[in-house]
Amino acid sequence: MPQPRVLILRAPGTNCDVETAFAFETAGAIAERVHIGRVLERADVLADYQILCIPGGFSYGDDVAAGRIFGNQIRHHLAERMQAFRDEGKLILGICNGFQVLIKSGLLLDEADGPQATLTWNDSGQFEDRWVRLGVRGELSVFLKGIDQMYLPVAHAEGKLVTRDEVTLARLDAAGQLPLRYLPLDNSANGTGDQVEVPFPDNPNGSQLAAAAMCDESGRVLGLMPHPERHIDPVQHPRWTRGEGGEQGDGLAVFQNAVGYFA
Amino acid sequence: MLWEVDIYPRAGQTDRTSGDLRGEAADMGWPDLNVTAAHGYLLEGRLTPDDAERVARALLADNVVEQTVVAPLGDARLAAPPKEAAAETAGEGATLLHVMPKPGVMDPVAQSALAAIADLEVPVTAVRTMRKMWIAGLADADLDKLAAKVLSNDAIEQVIRGPLDLERLEVGTPYAFELVHVPIRELDTDALNRLSHEAQLYLQPAEMQAIAAYYRELGRDPTDVELETLAQTWSEHCSHKTLAGRIAYEGPLGAGDSPRDERQFENMLKETIFAATQAIRQQLGDDDWCVSVFEDNAGIVRFDEEDNVVFKVETHNHPSAIEPYGGANTGIGGVIRDPLGTGLGAKPIANTDVFCFALPDVAADRLPPGVLHPRRVMKGVVAGVRDYGNRMGIPTVNGAVYFDERYLGNPLVYCGNVGILPRDKSHKEPQPGDLIVAVGGRTGRDGIHGATFSSVELTHESESISGSAVQIGNAITEKMVLDVVLAARDQGLYSAITDCGAGGFSSAVGEMGEKIGAEVWLERAPVKYAGLSYTEIWISEAQERMVLSVPPEKWEALSQLAASEGVEATVIGKFVPTGRLQLKYNDHEVADLAMKFLHDGRPPVVRQAIYTPPSEGQLADRQGTPAAVDGDDAGEILLDILGSPNVASKHWIIRQYDHEVQGGSVIKPLVGVANDGPSDAAVVRPKLVSRRGLVIACGMNPRYAAFDTYHMAASAIDEALRNCVAVGANPSRIAILDNFCWGDCERSETLGALVRAALACYDVATGMTTPFISGKDSLNNEFSYVDEDGRKRTIAIPSTLLISALGQVADVKRCVTMDLKQSGSLLYQVGTTHQELGGSHLALVRDLDGGSVPKVDVPLAKQILAAVHRAIDGGLVRACHDLSEGGLAVALAEMAFAGNLGTTVDLAQVPRSANAADATSLLFSESNTRFVCEVEEQHAAAFEAALADVPHGRIGKVDGGDRLKIAHDGETLLDIDLATLKRRWQAPFDW
């Protein structure tokens with residue numbers, strides 16, 4: 001397959017769709033932005049794509065709770081189609097609001113006994129736009145293969161990952177389903193997220209285990225709070241004028257992994 | 001039947017609702033408030049208990065972190081909080097309060113919830129959000145005060161004590177048409193003036209007489225909607241009649257001219273600010289890069305081969321004073337619609353927001369009646385901008401905050417937006433025969449002056465619905481409109497577009513149809529609830545609406561496109577070549593006005609303006625003793641200025657704004673080793689495939705107004721330009737905007753101060769070849785109240801001119817930031833220091849008056865900006881920072897702590913004029929057009945060559961230590977560690 005096709009699923013209030021499509025295209029995919037209304041009218045449209053991405057933004061204004069209303073639309077109208085999409089060996093990525101949508105749609109975790117985890121208000125009680133250092137743990141997530149660390153921005157108010165109970169948390173951790181962790185900013189050592197106690201603002205929201213992302217058991221569905229699409233170009237790095245950052249932004253690897261998966 | 005869903009945190013989870021209330025109460029003087037709170041929803045519909053539970057579980061609550069109480073209204077379960085959620089004593093003997101939006105006030109969460117409940121196939125017909133709280137330990141009177149000052153804002157919310165006793169949520173009553181004529185033909189002058197006031201037309205006597213004369217000639221009386229249309233079109237807000245009117249000015253003309261000069265203006269703005277741009281465009285000839293100035297909803301300039309860029313800044317002061325959140329919310333929402341309504345619709349790519357507040361630490365018991373606490377105003381305004389800007393997906397990249405006690409009761413909220421627009425979509429022309437199409441939000445009573453609304457539906461009492469001053473925006477509606485408009489633009493589905501701002505349909509349709517004529521069918525406009533009269537529909541200022549001029553053959557495609565995105569688009573009329581504005585309501589003609597009279601019939605406003613700049617005195621304390629500031633005190637002064645609210649870090653605000661959405665961010669508002677130094681300007685790439693960048697900055701110096709508004713204006717322009725140049729903008733490609741916020745300009749002196757500033761705008765803009773491309777004024781920024789002794793008091797704001805700048809860089813890789821980069825680099829000051837401490841921050845923190853206000857040497861300034869740009873563009877500069885509030889000392893401190901690199905400076909080589917040899921002037925003078933540049937030693941010769949024709953001096957070196965050391969004449973003036981400097985700078989707003 002030469003170039004995978006990406007469906008960038010947008011809803012009213014989605015606002016990171018253009019730069020997310022650009023990131024996928026930079027990584028070599030063909031990306032199309034499609035309104036949820038078109039998918040609800042004709043769910044078969046999913047068959048034309050190998051990757052489904054729910055980008056960042058404020059779907060339905062974050063009204064009621066971030067990702068809730070969009071998540072419910074998927075849960076009530078598209079759940080089976082989405083599961084089939086994943087089970088065909090295709091990929092699903094949710095970024096920021098997309099992660100909030102995924103976790104509230106039931107696509108990430110089994111909900112036979114009710115929801116196991118959620119994303120709720122930051123401990124700071126407010127929206128935070130700041131850069132964070134991230135460490136990858138384990139090899140379950142297709143999107144994070146071969147990545148050790150990343151430096152990416154977060155920009156959210158409801159990004160604190162909370163599980164139903166400690167048992168759930170331990171199980172997800174052990175299963176490798178919390179594959180990305182906030183790291184201390186001032187730690188230049190190559191930590192990979194063993195530091196559980198990462199204080200604010202390095203852990204910008206107070207997530208349990210400093211978790212910044214969650215993947216499903218297959219590793220083909222990933223939701224993450226940081227914005228990889230905002231670190232594609234070197235000049236997006238907040239300290240590029242100090243000579244920091246590489247020749248490509250750290251976030252590009254996430255999209256390259258997705259595209260490379262179909263190579 | 002009404003159901004209530006109360007939502008509490010689960011045990012062990014953060015209780016945000018109660019925590020926020022406790023925090024706000026503590027701010028306002030009620031520490032340790034004993035409160036238990038929930039947020040919740042009221043649902044109307046024929047629900048079974050299972051339905052209600054299902055809605056709560058599946059939609060409204062997050063079952064991992066929240067618990068619910070679900071019951072029909074009146075049920076005992078709603079009368080107490082669940083045990084585990086209650087605070088220690090609240091609940092026992094506590095008073096129960098409910099706070100909810102007044103009927104008719106925009107409740108976006110309720111709207112979204114209603115649609116989402118429909119998706120669950122539960123029969124709910126109306127939803128309202130609310131907050132519910134039990135408060136213990138307060139006397140009744142205190143509770144009332146708390147409710148009014150902390151828990152609610154009675155402009156938009158109502159507080160209900162005890163259990164809720166409501167029967168329905170839906171609002172609206174049927175409307176019975178009745179055409180109203182206003183007999184004015186026979187009224188005498190006094191009666192006309194009374195009518196103008198009582199009907200809230202606020203027209204001048206001469207204007208009322210012109211209208212009466214017009215109708216006498218027609219042989220009939222006007223209808224109410226005709227009068228409203230005239231009043232709106234002729235209003236100060238829409239026509240800028242004062243500044244665009246005839247003014248006889250008496251006062252100095254140039255920078256230092258005799259105070260007795262005179263000048264007669266036929267149209268003051270046209271002859272100063274517009275004239276500057278015309279002169280510049282003529283001078284540029286074939287190189288003119290302005291595209292559309294002072295015509296459209298925003299100014300348009302060339303960007304690259306394919307695209308233009310547009311820029312507009314507006315103010316929303318009075319609404320923000322009454323309801324800070326809603327005022328700022330609809331302020332940013334409104335200004336975003338300006339670029340969207342410019343040309344055939346620009347894509348918004350960046351926001352800028354500048355605020356002026358009274359000091360946030362003023363004692364709550366010292367506030368005049370009716371004034372919200374400045375801290376509450378500030379928090380509300382920031383939240384309003386945050387919530388709207390972030391939801392729109394437009395990065396808020398630039399801003400400033402100024403504090404002065406005279407902004408009490410009249411804060412200033414400037415909201416700006418930059419957009420990008422294909423060159424071939426930059427002009428619009430509605431065509432005769434085009435349909436008039438309303439797109440977006442529905443029309444309600446929002447923004448109708450003084451309209452009241454019977455709300456028997458909710459409380460069985462008469463409540464007043466929000467008037468024009470207080471609206472809440474719904475950003476997602478506007479985002480959806482934006483998505484539809486840009487798609488329709490690219491498909492060529494309309495021939496013109498404009499926004500519905502002040503004046504609603506009246507102003508939007510009136511302006512679009514000015515050269516053609518229009519017929520409008522008012523009953524077709526979608527309304528939020530029943531009961532609106534034809535006049536209310538016509539003049540409503542409801543948010544999130546655009547008006548499009550659509551060729552009939554394109555209507556079907558546009559209609560389908562809008563429907564596919566869930567946006568309402570409705571034909572409400574037609575442009576017809578009659579030269580008339582004809583309004584109909586179900587076949588009744590309710591208005592028939594000649595466009596010519598509407599747009600050209602207003603008699604010119606004639607005003608006197610006088611300006612006498614105060615004579616310059618010595619810098620002195622309040623007793624008049626000349627200030628003896630010597631070098632000994634320099635360290636303390638520096639720390640005090642860094643910790644003064646204007647200069648202090650605004651990270652608390654900046655971090656709440658998404659400044660990186662759209663992915664174009666190149667230079668962020670906070671820069672440096674720890675991403676926390678103050679950038680001079682923001683740089684964004686509006687096109688991800690291009691290296692070309694836009695630079696956004698501003699300049700403002702209200703403290704200089706007390707000296708001479710000419711120099712205040714000149715300094716503001718200089719500051720905006722040097723901020724742009726400091727990050728790499730090409731000074732010959734910077735466009736600027738003017739936003740005058742002034743007091744009551746019926747006072748000749750106040751208007752004189754404005755004319756004086758406008759004269760400076762002409763001189764500096766032409767001298768710098770920097771065009772003004774758009775602007776706006778807000779007059780009457782005064783707050784009146786009756787004091788304890790029954791006397792009327794008025795607080796007028798300081799004359800405040802905001803200059804916003806939009807610069808360009810050919811390749812963003814050339815940009816620099818202000819943080820020091822490297823140990824061993826050399827430091828230069830570029831530009832000359834004069835003894836200009838008048839209005840300075842040194843004077844502010846030491847409570848001094850007098851002194852000389854900073855002036856601009858325009859020809860030299862132009863040379864300096866060009867030279868600094870040459871050096872930056874040549875890759876010779878590692879860091880660059882402009883000198884503004886606090887002068888050289890503050891600039892050096894900020895550069896050093898942002899780069900975490902110690903620095904040693906000697907003032908010997910600072911370029912100075914003869915009167916500025918003293919350490920105080922060299923460190924703290926606020927002379928214009930100065931920079932500090934960090935230059936690597938290997939580039940020193942090239943840098944000095946680039947700067948050869950302008951004043952510059954090598955003042956020090958980055959030593960790589962952890963201290964800022966400044967010496968003068970061999971004597972150490974200050975030696976402070978960087979951590980202390982930074983801490984003082986960050987502390988004030990580490991909220």
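The analysis underlying the following values was restricted to heavy atoms, covering all of them including side chains, and did not include hydrogens, waters or symmetry mates. Letters A, B, ... are given to chains in the order of the sequence lines, protein chains preceding strands, and every chain is numbered from 1.
- At a 4.5 Å heavy-atom cutoff, the contact between B/Asn390 and chain A is made by backbone and side-chain atoms alike.
- Interface residue B/Asp819: backbone and side-chain heavy atoms are both found under 4.5 Å from chain A.
- Contacts between A/Asp123 and chain B at a heavy-atom distance below 4.5 Å involve the side chain alone, from C-beta outward.
- Remark: A/Glu158 engages no residue in a side-chain hydrogen bond (donor to acceptor under 3.5 Å, both in side chains) (not counting sequence neighbours).
- Once rounded to the nearest 0.5 Å, the distance linking CZ of A/Phe58 with CG of B/Asp387 reads 7.5 Å.
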- Between B/Glu660 and A/Glu19, does a side-chain contact (heavy atoms from CB on, under 4.5 Å) hold up when you go through it step by step? CA-CA 11 Å; B/Glu660 301 176 286; A/Glu19 57 269 38; over 6 Å; no
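- With a threshold of 4.5 angstrom between heavy atoms, B/Ala879 does not approach chain A through any atom at all.
- Ranked by non-hydrogen atom pairs under 4.5 Å with chain A, the options B/Leu688, B/Val65, B/Val812, B/Val689 are led by B/Leu688.
- Heavy-atom distances place no part of B/Val683 under 4.5 Å from chain A, backbone and side chain included.
- Per-residue heavy-atom pair counts under 4.5 Å with chain B were compared for A/His237, A/Gln116, A/Arg38, A/Glu244, and the maximum is reached by A/Arg38.
- If you measure heavy-atom distances from A/Ala117 to chain B, the contacts under 4.5 Å come from the backbone alone.
- Within the 3.5 Å criterion, the main-chain N or O of A/Gln236 finds a donor-acceptor partner in the side chain of B/Lys668.
- Nearest heavy-atom pair, A/Phe127 versus B/Gln656, reported as atom, atom and distance to 0.1 Å: CD2-O, 3.2 Å.
- Atom OG1 in B/Thr396 sits 10.0 Å away from atom CG in A/Asp129 (nearest 0.5 Å).
- Chain B forms more heavy-atom pairs under 4.5 Å with one residue of A/His231, A/Glu41, A/Arg10, A/Glu128 than with any other, namely A/Arg10.
- With a threshold of 4.5 angstrom between heavy atoms, A/Asp233 approaches chain B through side-chain atoms but not through N, CA, C or O.
- Distance check, rounded to the nearest 0.5 Å: NZ of B/Lys821 to CZ of A/Arg242 gives 6.0 Å.
- Contact check for A/Asp62 versus B/Arg391: side-chain heavy atoms found under the 4.5 Å cut-off.
- Top candidate by heavy-atom pairs under 4.5 Å with chain A, chosen from B/Lys479, B/Met480, B/Gln662, is B/Gln662.
- Taking the side chain as every heavy atom from C-beta outward, B/Val661 and A/His227 never approach each other to under 4.5 Å.
- The shortest distance between side-chain heavy atoms of A/Val235 and B/Val666 falls below 4.5 Å.
- Contact check for B/Tyr41 versus A/Val64: side-chain heavy atoms found under the 4.5 Å cut-off.
- Ion pairing between B/Asp658 and A/Arg230 holds under the 4.0 Å rule for side-chain N and carboxylate O.
- Of the two parts of A/Thr26, neither the backbone nor the side chain holds a non-hydrogen atom closer than 4.5 Å to a non-hydrogen atom of chain B.
- For the atom pair B/Leu482 CG and A/Asn15 CG, the distance stands at 10.0 Å (nearest 0.5 Å).
- Side-chain contact between B/Asp62 and A/Lys104 is present, with heavy atoms from C-beta onward closer than 4.5 Å.
- Of the two parts of A/Thr14, only the backbone, made up of N, CA, C and O, holds a non-hydrogen atom closer than 4.5 Å to a non-hydrogen atom of chain B.
- When heavy atoms are compared at a cutoff of 4.5 Å, A/Gln73 approaches chain B by way of both its backbone and its side chain.
- Heavy-atom pairs under 4.5 Å with chain B were tallied for A/His76, A/His77, A/His156; the largest tally goes to A/His77.
- For the set B/Arg691, B/Arg10, B/His659, B/Arg16, the entry with the most heavy-atom pairs within less than 4.5 Å of chain A is B/Arg16.
- Contact annotation for B/Leu120: only side-chain heavy atoms (C-beta onward) come within less than 4.5 Å of a heavy atom of chain A.
- Annotation: side chain of B/Trp991 is not in contact with side chain of A/Gln126 (no heavy-atom distance under 4.5 Å).
- In this structure, CD on B/Gln13 lies 9.5 Å from OG1 on A/Thr118, to the nearest 0.5 angstrom.
- Of the residues considered (B/Ala61, B/Ala383, B/Ala115, B/Gly566), B/Ala61 shows the highest number of contacts with chain A, using heavy-atom pairs under 4.5 Å.
- Scored by the ring-ring contact (aromatic ring centres under 6.0 Å, His included) test, A/Phe22 finds no partners at all (sequence neighbours excluded).
- No side-chain heavy atom of B/Glu66 sits under 4.5 Å from any side-chain heavy atom of A/Thr120.
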- Passes side-chain contact (heavy atoms from CB on, under 4.5 Å), B/Val109 versus A/Tyr60? Steps please. CA-CA 9 Å; B/Val109 175; A/Tyr60 301 95; over 6 Å; no
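- Proximity to chain A (any heavy atom under 4.5 Å) is shown, for B/Ile117, by neither the backbone nor the side chain.
- Between chain A and the residues B/Gly12, B/Gly19, B/Ser564, B/Ala113, the largest count of heavy-atom pairs under 4.5 Å involves B/Ser564.
- Put simply, of A/Asp165, A/Thr20, A/Ile69, the one with the most heavy-atom pairs under 4.5 Å next to chain B is A/Ile69.
- In this structure the side chain of B/Leu59 reaches within 4.5 angstrom of the side chain of A/Arg68, judged on heavy atoms.
- There is no contact between A/Arg75 and chain B, counting heavy-atom distances below 4.5 Å.
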- Message: Go through it in stages, so that I can follow the logic: the residues are A/Lys160 and B/Thr14, the test is side-chain contact (heavy atoms from CB on, under 4.5 Å), and I'd like the CA-CA distance, side-chain angles, deciding distance and then a yes or no.
- Response: CA-CA 11 Å; A/Lys160 178 183 179 179; B/Thr14 316; 4.1 Å; yes
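- Distance check, rounded to the nearest 0.5 Å: OG1 of A/Thr241 to NZ of B/Lys813 gives 9.5 Å.
- Looking only at heavy-atom pairs under 4.5 Å with chain A, the residue among B/Gly672, B/Ala674, B/Ala110 that has the most is B/Gly672.
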- Item | Step-by-step side-chain contact (heavy atoms from CB on, under 4.5 Å) determination, A/Arg239 to B/Asn675 | CA-CA 8 Å; A/Arg239 296 186 302 280; B/Asn675 303 342; 3.0 Å; yes
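- When each of A/Gly125, A/Gly61, A/Gly13 is checked for heavy-atom pairs under 4.5 Å with chain B, A/Gly61 comes out on top.
- Heavy atoms closer than 4.5 Å to chain A are found nowhere in B/Arg57, neither backbone nor side chain.
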